[in-house]
Amino acid sequence: MTLDAAKPYLYAAVAAALFGAGWAVNGWRLGTAVANLNAQHSKTVADAATAAGKQLVQITADRDALAKRLFRIDENATAQRLKDQNEINTLRGRVAAGAVGLRVAATCPAVNAAPTGATQGSSVDSGAAPVLTAAAGQDYFALRQNIIDGETKLTACQRSLGAFSGQPGPTP
């Protein structure tokens, strides 16, 4: 085969070699770009994971602090409720034993007009302070206990909500 006849094959071989070399160089260039993108993506994912981890640690610490505050609120409310209940039970026992009387803050007014047939100077006012009956006294203690329980629970709830919202609750 002559050189003129081999030229097209030679051109084709050179063109194929150049195309292959270009393909390889372009592959190396694109491979480097993909590797750089993968490295950037890995760094971004690592940074996001680190930030999420820090945020999780902070949220956990905040949750634990809130749980401690709520526990202290509940503990204080329970202690106050028991103290008030003991005070009422002590008073109830003293009243039942007759050591003290459960007095009403009222006085009976004297009757000015005498009933028909009665003497003019008679009066129902004995001058003594009125005292509740035993049954009324027990009702009083039950009502007082319910009021104290309700106030204690309401105050504890308000303090708990304040702990959640960051606002101070009512002071005792």
Side-chain angles (χ1 to χ4, degrees), residues 33-172:
V34 168
N36 289 340
L37 287 175
N38 281 338
Q40 287 176 349
H41 177 70
S42 296
K43 184 178 181 324
T44 303
V45 169
D47 291 346
T50 301
K54 287 179 182 177
Q55 187 178 18
L56 181 60
V57 167
Q58 182 62 43
I59 289 170
T60 302
D62 291 347
R63 183 206 58 205
D64 292 346
L66 179 62
K68 286 178 185 176
R69 287 177 57 200
L70 291 174
F71 177 76
R72 282 193 301 269
I73 289 170
D74 183 57
E75 188 176 50
N76 291 342
T78 301
Q80 183 62 42
R81 186 171 171 266
L82 289 175
K83 178 184 169 207
D84 293 341
Q85 189 173 11
N86 288 336
E87 181 182 312
I88 289 172
N89 288 338
T90 300
L91 182 59
R92 180 181 285 148
R94 292 182 68 204
V95 169
V100 295
L102 190 56
R103 301 192 185 281
V104 178
T107 56
C108 296
V111 177
N112 292 332
T116 309
T119 62
Q120 187 67 359
S122 69
S123 168
V124 294
D125 186 8
S126 66
V131 177
L132 294 178
T133 65
Q138 293 306 315
D139 289 342
Y140 166 79
F141 286 122
L143 287 172
R144 185 172 174 182
Q145 182 65 50
N146 287 337
I147 289 170
I148 289 173
D149 284 350
E151 287 176 345
T152 304
K153 289 175 185 177
L154 179 61
T155 301
C157 285
Q158 289 172 337
R159 286 185 182 155
S160 296
L161 288 174
F164 277 115
S165 66
Q167 302 294 324
T171 57

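The chain is numbered in sequence order, starting from 1. Here the structure is a predicted model, which means the values were calculated and not measured.
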Residues forming a side-chain contact (heavy atoms from CB on, under 4.5 Å) with S160, sequence neighbours excluded: L70, I73
Quick one: pull up CD1 in I88 and OH in Y140 and give me the separation to the nearest 0.5 Å. 7.5 Å
Quick one: side chains of residues 45-55, donor-acceptor pairs under 3.5 Å with protein atoms, not counting sequence neighbours, listed by atom name and distance.
from: D47; atom 1: OD2; to: K43; atom 2: NZ; distance (Å): 3.1
from: T50; atom 1: OG1; to: A46; atom 2: O; distance (Å): 2.9

Are any of the side-chain heavy atoms of L66 and D62 separated by less than 4.5 Å? no
Set of side chain to side chain donor-acceptor pair (under 3.5 Å) partners for Q85, sequence neighbours left out: none
Any residue meeting side-chain contact (heavy atoms from CB on, under 4.5 Å) with A136, in chain and number order, not counting sequence neighbours: L132, T133
Could you state the interatomic distance from OG1 (T155) to CZ (R81), rounded to the nearest 0.5 Å? 13.0 Å
By side chain to side chain donor-acceptor pair (under 3.5 Å), which residues pair with Q145, not counting sequence neighbours? D149
Among residues two or more places apart or on two chains, list those pairs meeting side-chain hydrogen bond (donor to acceptor under 3.5 Å, both in side chains) that have a residue in residues 67-79. none
Who pairs with E87 by salt bridge (Lys or Arg N to Asp or Glu O under 4.0 Å), at least two apart in sequence or on another chain? R144
Side chains of H41 and L37, heavy atoms from C-beta outward: is any pair under 4.5 Å? no
Not counting sequence neighbours, which residues clear side-chain contact (heavy atoms from CB on, under 4.5 Å) with T44? List them please. none
Quick one: side-chain contact (heavy atoms from CB on, under 4.5 Å) partners of V100, sequence neighbours excluded? L91, R94, V95
Please enumerate all residues that pass side chain to side chain donor-acceptor pair (under 3.5 Å) together with N86, with sequence neighbours excluded. none
